[in-house]
> 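Take this structure first; my questions come after.
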Amino acid sequence: MSVKPVDPWNTCLNTSLEQEDPEIFSIVENEKLRQWSGLELIASENFTSQAVIEANGTPLTNKYSEGLPGARYYGGNEFIDELERLCQKRALEAFGLNPEVWGVNVQPYSGSTANFAALTALIKPQDRLMGLDLPSGGHLTHGYQTQKKKISSSSIYFTSMPYQVDPTTGLIDYKRLEENAALFRPQLLICGASAYPAEWEYDTLRKIADQHSAYLMCDMAHISGLIAGNEALSPFEFCDIVTTTTHKTLRGPRAGLIFFRRDKGDDLENRVNQAVFPSCQGGPHNNTIAAIAVALKQAASPEFKQYAKQVRANALALAKALSNYGYKLATGTTVNHLILWDLKPQKLTGSKLERICDMVNITINKNSIAGDKSAVTPGGVRLGSSALTSRSLKEEDFVKIAEFLHRTVQIALAVQEKSGSKLMKDFVAALQGNEEIAQLRKEVIEFARSFPMPGFDPTKIKATVAI
């Protein structure tokens, strides 16, 4: 049968991004060039596969599907139901979970919304929770607050008391946690972190939670890919609920998952599903769920297990190389994908190193170290190996990266001394025209562009900027 032509006022619906909106197309192409030309060391970022990107850009985005498979508030969802059920099945398979014991909600828009929905399901407003403190490597959504202000909604709507790491070892002080829990009597204990380079004692946390008839929740966002790849301990044996993002070590699109136990008789399945929708969000992003499903299929493959193994090996190689330069690392090493680098011995803030690294095309993020007073000018940086492992870098390449980082520190210290001030504005002013920065940037770009780029062909980039 013939198809009628598009109405003149609707022609934009069938034109490409390049044709329809050159400005946005240019921004996308410039970002592609930036990604290919730099060293991505932010521990919470990764590069997805082309298949994930394609799934995320499908007409599935057109469909509204509030509710759950088989129980939607809109018609026309037969294929969306099939998609969501497949994604649920793959999520359980990726982590080796028995569907009679565990279920999963794949609709959360992000890790933060997944966490708040989990809190909504587990406890009531003003109930007590304990999570790892942000300066100790915890996450904002685990109840973070300062002395003067409740920062996260998890501290605004619930009563929060943090636990911390030992400032000497960098490891969680489980004894002090147990003592504080005996006084605070939490209804919920949260484990998981955004900057903790050590393993978790899930059995100890379960014991502490049981002492107060509390739920135990794990936010495995950072290490979920390592858990799927059997390169990190699994929290599922000990926890009631497990949440994760899908875009970090799991290498999927930007979204979240909530796993819940089905075998405890407290109706966690309905409570979680109700908390996600309608309590905390509306219709799911079906295109993103498709991309999650693609990533989960990849995560269940033998090749992904090799990837996870290499992620850890690369992080350890970077940690050893930095230690050999005499730098201090939280916990002294790493057992996962990230490194917490303490710059206080160098009298250099993480914000200054982040700024100078940006100038040489190395992307890192400033990060609090135990004992820091300010998250704006923290005493360290966080480094991760996941993204560059996706670009096929190996241990010897991360040793080279450690050399680049060492050189940035030496430049930063010299510039800081030259500026005669510890203020960021004076530091930035003193950076201008620095020939060492220009030379290092040139070397970094040449090094970065010698590796492949997942998700797109770097030889076909139509950038409008020079990097």
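Numbers for residues simply follow the sequence, beginning at 1.
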> Side chains of Q306 and Q310: is there a donor and an acceptor less than 3.5 Å apart?
no
> Would you confirm whether T249, through its side chain, and H222, through its main-chain N or O, come within 3.5 Å as a donor-acceptor pair?
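Flag set: sc T249 to bb H222 pair under 3.5 Å.
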> Taking atom types as modelled, is there a side-chain donor on S26 or E23 under 3.5 Å from an acceptor on the other?
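No donor-acceptor contact under 3.5 Å links the two side chains.
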> Less than 4.0 angstrom from a charged side-chain N to a carboxylate O is my criterion; do K462 and E29 meet it?
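Salt bridge absent between K462 and E29.
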> Just by modelled atom types, is the N287 backbone N or O under 3.5 Å from a matching donor or acceptor in the H285 side chain?
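Such a contact is absent between H285 side chain and N287 backbone.
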> Please check if the side chain of N367 supplies one atom and the backbone of G350 the other of a donor-acceptor pair under 3.5 Å.
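Judged by distance alone, no pair lies under 3.5 Å.
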> Can you list the residues that meet the side-chain contact (heavy atoms from CB on, under 4.5 Å) rule with L13, with sequence neighbours excluded?
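Listed in chain order: N10.
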> Establish, from distance only, whether the side-chain atoms of N30 and T464 form a donor-acceptor pair under 3.5 Å.
yes
> Answer yes or no: is there a donor N or O on one side and an acceptor on the other, between the side chain of E354 and the main chain of K366, under 3.5 Å?
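Indeed, once roles are kept as given, a pair shorter than 3.5 Å links the two residues.
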> When you measure from the side chain of N361 to the backbone N and O of S37, does any donor-acceptor pair fall under 3.5 Å?
yes
> If only atom types and distance count, is the side chain of E231 paired as donor or acceptor with the main-chain N or O of I227 below 3.5 Å?
no
> May I ask you to decide whether E403 forms a salt bridge with R407, counting only side-chain N to carboxylate O separations under 4.0 Å?
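So E403 pairs with R407 through a salt bridge.
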> Which residues pass the side chain to side chain donor-acceptor pair (under 3.5 Å) test with N46, sequence neighbours left out?
Y307, S390
> Tell me whether E93 is salt-bridged to R90, with the criterion being a basic N under 4.0 Å from an acidic carboxylate O.
no
> Looking at R206 and E237, is any side-chain nitrogen of the basic one under 4.0 Å from a carboxylate oxygen of the acidic one?
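Salt bridge between E237 and R206, a charged N being under 4.0 Å from a carboxylate O: no.
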> Between the main-chain N or O of K347 and the side-chain N or O of Q416, is there a donor-acceptor pair closer than 3.5 Å?
yes
> Does the side chain of Q410 pick up a donor-acceptor pair with the side chain of E436 at under 3.5 Å?
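Looking only at side-chain atoms, E436 and Q410 do not form any donor-acceptor pair under 3.5 Å.
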> For the backbone of S44 and the side chain of N365, can you confirm whether one donor and one acceptor N or O come within less than 3.5 Å of each other?
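Side chain of N365 to backbone of S44, a donor-acceptor pair under 3.5 Å: no, none is there.
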> Is there a donor in the side chain of S136 and an acceptor in the side chain of Q164, or the other way round, less than 3.5 Å apart?
no
> Using modelled atom types only, decide if a donor and an acceptor are shared between the side chain of N286 and the backbone of K63 within a distance under 3.5 Å.
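Flag set: sc N286 to bb K63 pair under 3.5 Å.
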